[in-house]
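Proteins get letters first, then strands, A, B, ... in listed order; numbering begins at 1 in each. We use all heavy atoms of the structure for the numbers below, so side chains are in, but hydrogens, waters and symmetry mates are not.
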Amino acid sequence: VISEDFRFEGFDTRDYLNLLSLFRGQDAPSPAAGASFDAAQARGTLVLVLDADGTPCAALITGHGPVAPDDCSGDDLAGVCERLGVARAVVLHEGAVEELTERAAQRLSFTADYAAQWLTLLAVARELEGEGKLCFWPPRTQLPLPTSNMLLRALDLLLPEDHVLLVALWEGDALWTACALHRRGGEIDRVAGPELVLDWTGPLGGDYRRDQRAMRRAVERALGTVHLGLFAQREAIEGLLRDPRPGAWARAVALREIIISPSPPYVHLAVGADAARAAGQRAREWFGGIDIGAYLAPAATFARERVARIGSITNILGFNPLQALAARLRRRG
Amino acid sequence: VGAPRLTGSGLQLGERLVPLLSGAAHYFRLEPARWRNALESIRGLGLHFVETYVPWGVHELGEGRHDFGEHDRHKNLGGFLDLAHELGLLVFLRPGPNVNAELPYFGLPRRIVMDERNQARSSRGNPLPLVVPPRMFPVPSYASRNFRAEVGRWFQVVGEIAGPRRWPRGPVALLQVDNEVAFYFRDSPYDSDYHPDALADFARFLARRHGSLAALNAAYGSSYEDFAHVPAPSCLQPRAPRSLPPVLDWMRFHEALQCEAIADMAKKLAGTGLGGLPMVHNLPMGEGGLPSSLTALGRAVDLVGLDYYHRRSASRTVGRRTLRLAGNSPLPFAPELGVGAPPWFAPRSDLDSLLGAMWACAYGLRGFNLYMAVEREQWYGAPIDADGEPRAHAEHWRRFIAALEEVGFHALTRKVEVALSVPAEYAQLSRATHTLGALSPSLLALSGLPASAASRADRFGFEQPIQLSWEPLLERCEEALSAAHVPYVCVDGERDLAACAGLRAVIAPSFEFADPERWRRLAQFAERGGTVLWGPALPHLDLDLQPHAFPEIGGRGASHVRDAADADALVQGLCEQLQLPRPFPVSPRTLRSTVHEDARGPRVVFVLNGGDSAEHAELSLPGKLALRDAMSGERFEGAESITMPVPAWGCRMLIVERGPRDQ
């Protein structure tokens, strides 16, 4: 997915940390899903190593240090985590990491791209999980691993060859952060930050609703056709990334709190689906709890089929990556 | 004019002593039209050196064919060096072969890493992929003779360009050979290297170490008929009788292999037109879990430094790492003092970078290379942008460097009378018992855990699991010394204590087995009047776990250290016994202070807050003093003490403006 001559450039510290902050969520404890105890205070991950006969022989808690392996035996993992006050646990049989690296080394292609190489590693890890040499608590959601072809097809949809994905966020009248991703030869070859984007654009007026046009044109001259552009005030996008309410995105687009331009078909569909979800919920409130969605089920099915036919990312990957991201951000925020 | 020579405070160039204050700029990544701007800005920060890698993979067009600006003007190394010379900058040149620099294949040519003869091998004969963007690649073998020969040819090529530009005819005054030696981060105990050349080296190593097959067989409980028949251990068999001697030998071999490879590369580099220049090497973060100690590597090159890329919340770690550097290096130097970071590192703010530098200097760092001083792709946060223009936070760096120059910080000393001995034999045991494979001890250390955190908890017949016990024991003593405001350093067990001027006491962990050579050095130190606190046990086994008579040395105290209170009592006793000075103590207890002085007395006092909340510091003074904050310009005066706010994770550098010496 990233090219060998990939360039990340044009960020100062503030720009880059601002960009990262969008995905970081707020610092809050992440209680283990399904934990039977009050996990709000739980911190760190227990890493427990079992020897050949299944006896704990080494143990540590991330962020803290080693713990006596004897303290980790006896109970089920949930009980051990509760007793040690940790949020989650990874249990490995001694030699599992070595096995993982050996198998991965045999299967890795050094000519494959980075994402494909990672998929190989993850596939081996899954294999070891299946063999019981590696396990997690709470149990991990077993999302199917996409193949590298699936990833490429998803990328084709999100960002076609020689196109640009541009995000620019303002705080007041100043650019807060920006990021332009360019794809070439099937791979992301450039991630350009605000310094470069501003170099290309020249001085901005300070109103993102107007500035976005000049910025888009400048990026097109410098990099390539913009496939998807997202422009907004920082607060608006931060709120949306953590707002689970149906219709939030549709409302923001309608009020031009965010501008999506150009807007490829999948974005129209996503925003439309969001609006429909909001309408369904609102209708349920109006109709005294009658789930109008149920009556619209045939229509929804039809819509889903249409979405599938044009090749939704969800269909390609086997899960909805945006939903997964939003859920994670909400959990952390 | 003699060749450049490293001293305890900088680089001696004829009559001129130049502090090792440097900034990194990658000519091959900048527009040549911006080189002048960038170099002038580096000079404007107050730096004396510009540092650059010379990446083999960037210059090589094909085997034996190179471009140094003939085809691509960005690659005009000679032009860049000449410009630096014209602008009065010295050059710290790092021609690899490993440069990392966020380049594909860590800057090596693709043909080199893909050549199976050059690849490190796992115990099953597989190549060892390194999980870094933009491509995982098979790491080279430090033992491969083919690889080393290729490196020699590359150095010859670099020498042809840089040799004629060595000081005094040109700016090149300092070299670094290779980068962050750690088996390309595949440094786990049983990860590598099982390359045929490494296995042959291992057999030679065993012959050297044991002297005879009989001695080896006695240590191993084996009956080998040839050193070449001894298998390289691929894991620890904890229940096998005499399981430890073979794996401990394997750990020692790792160190020997790395040191020998670096020494070989240094020799090859010296054999080009660059001979006679001092050579540096750098260890990455997490060095506590790496195969090679600072002292061992220090025998391969002229100077070994540490790299720093910390966030401010890890400021105590910065202090601890620097105390180890200061205890083992004649000139504590950071070949990479991170300013900014690559995008795939833990994010760091501008303040993180600056505070990291200040904390390191507070604990004794005397020179550094700002990495990166000038922006480039795959990086953010450099104080100079890619056009060569200073960014806003460059001013903080300029002010800090100006303050270091003002007080001649490079030539100041920190009086230290106590050392903690870091025993290599126990560190090797911790490595040998590691259970997480490629998630190596150095990775654990990098994440803030003890390097031994994933070691097996078996006792192996000892009173306690030594591999898990020695680090906490030292940590408790460190905390107690810090809380008591007693200056100390950490010294490698193999370090010659006679070389540590002013040292009066050493705290040395000792368990049932120990290195007789370390014990001998401790005994000699005691014979010269030093105090040695050892324990909890008097060793009775040597490195092969064979019986050995270890004489008792002087006092004993570490045996009592079970918790912080014990460590406090031990340190209190030491302070009273030796009347150890505690200069400029600061309260509350969570704060720290360090003092740097010259022959006339204190010149700089650092006040440090390693906690996550702001504090009001009360700094006790030895007499009437006036202090100036080097960064803010605030002035403080007092006869007995002064108070000042110190932000969370903060550091104040206070320059003594008027002290006892002026009265």
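Of the two parts of Pro104(B), only the side chain, counted from C-beta on, holds a non-hydrogen atom closer than 4.5 Å to a non-hydrogen atom of chain A. With a 4.5 Å cut-off on non-hydrogen atoms, Ala59(A) touches chain B through its backbone but not through its side chain. Using a 4.5 Å cut-off between heavy atoms, Arg110(B) contacts chain A through its side chain alone, with no backbone atom that close. Residue contact with chain A, scored on non-hydrogen atoms closer than 4.5 Å, is absent for Val113(B). Contact of Tyr190(B) with chain A is not made at all, since no heavy-atom distance falls under 4.5 Å. Interface residue Ser3(A): only backbone heavy atoms are found under 4.5 Å from chain B. Looking at Pro347(B), both its backbone and its side chain come within 4.5 Å of chain A, counting heavy atoms on both sides. Only the side chain of Arg391(B) comes within contact range of chain A, with heavy atoms under 4.5 Å apart. Of the atoms belonging to Pro138(B), heavy atoms from both backbone and side chain fall under 4.5 Å from chain A. Ser123(B) touches chain A through backbone and side chain together, each having a heavy atom under 4.5 Å away. Contact of Glu375(B) with chain A is made through the side chain alone, with heavy-atom distances under 4.5 Å. Using a 4.5 Å cut-off between heavy atoms, Asp113(A) contacts chain B through both its backbone and its side chain. Of the two parts of Leu100(A), neither the backbone nor the side chain holds a non-hydrogen atom closer than 4.5 Å to a non-hydrogen atom of chain B. Neither the backbone nor the side chain of Val191(A) has a heavy atom closer than 4.5 Å to any heavy atom of chain B. When heavy atoms are compared at a cutoff of 4.5 Å, Ala454(B) approaches chain A by way of both its backbone and its side chain. Using a 4.5 Å cut-off between heavy atoms, Ala52(A) does not touch chain B at all. With a threshold of 4.5 angstrom between heavy atoms, Leu444(B) approaches chain A through side-chain atoms but not through N, CA, C or O. For chain A, the nearby part of Leu449(B) is the side chain; its heavy atoms alone come within less than 4.5 Å.
The candidate from Pro69(A), Ala68(A), Ala58(A) with the greatest count of non-hydrogen atom pairs under 4.5 Å with chain B is Ala58(A). Of the listed residues (Gly340(B), Pro127(B), Pro472(B), Pro343(B)), the one with the most heavy-atom contacts under 4.5 Å to chain A is Pro343(B). Ranked by heavy-atom pairs shorter than 4.5 Å toward chain B, the options Leu92(A), Val1(A), Asp12(A) are led by Asp12(A). If you tally non-hydrogen atom pairs under 4.5 Å between each of Asp385(B), Asp458(B), Val131(B), Leu439(B) and chain A, the highest count goes to Val131(B). The most heavy-atom pairs under 4.5 Å with chain A, out of Cys235(B), Pro238(B), Pro342(B), Ser349(B), come from Ser349(B). Heavy-atom pairs under 4.5 Å with chain B peak, among Phe6(A), Phe11(A), Trp118(A), Tyr16(A), at Tyr16(A).
From Leu468(B), atom CG reaches atom CG of Leu60(A) across 10.5 Å, with rounding to the nearest 0.5 Å. To the nearest 0.5 Å, atom OG of residue Ser234(B) and atom CD of residue Glu102(A) are 9.0 Å apart.
Minimum interatomic distance between Met136(B) and Leu121(A) (heavy atoms only, all atoms of both residues): CE-CD1, 3.7 Å. For the residue pair Pro134(B) and Ile2(A), the shortest heavy atom distance occurs at CA-CD1, 3.8 Å. Taking both residues in full, the closest heavy atoms of Asn126(B) and Ala105(A) are given as CB-CB, 3.8 Å, listed atom of the first, atom of the second, then distance. In plain terms, the two heavy atoms of Thr13(A) and Gly381(B) that are nearest each other are OG1-CA, 3.0 Å. Summarising the geometry of Leu17(A) relative to Tyr380(B), their closest heavy-atom pair is CD2-OH, 4.3 Å, with the distance given to 0.1 Å. Closest approach of Arg135(B) to Tyr114(A), counting heavy atoms only: NH1-N, 3.8 Å.
Between Pro450(B) and Pro66(A) the shortest side-chain heavy-atom distance falls below 4.5 Å. Between Asp51(A) and Arg239(B) there is a side-chain heavy-atom pair separated by less than 4.5 Å. Between Phe8(A) and Glu377(B), every side-chain heavy-atom pair lies at or beyond the 4.5 Å cut-off.
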TODO: Verify side chain to side chain contact (heavy atoms under 4.5 Å, CB included) between Thr101(A) and Arg186(B), making sure each step is shown before the conclusion.
DONE: CA-CA 11 Å; Thr101(A) 49; Arg186(B) 292 299 304 262; 3.7 Å; yes

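Side chain to side chain, Glu94(A) and Thr435(B) fail the donor-acceptor criterion of an N or O pair below 3.5 Å.
Within 6.0 Å of atom CZ in Arg459(B), 12 or fewer heavy atoms from other residues, nucleotides or ligands are found, so the atom counts as exposed in its surroundings.
In summary, Arg29(B) and Glu9(A) do not engage in a salt bridge, as defined by a charged side-chain N under 4.0 Å from a carboxylate O. Checked for salt-bridge contact, Glu98(A) and Arg124(B) miss the test: no charged N lies under 4.0 Å from a carboxylate O.
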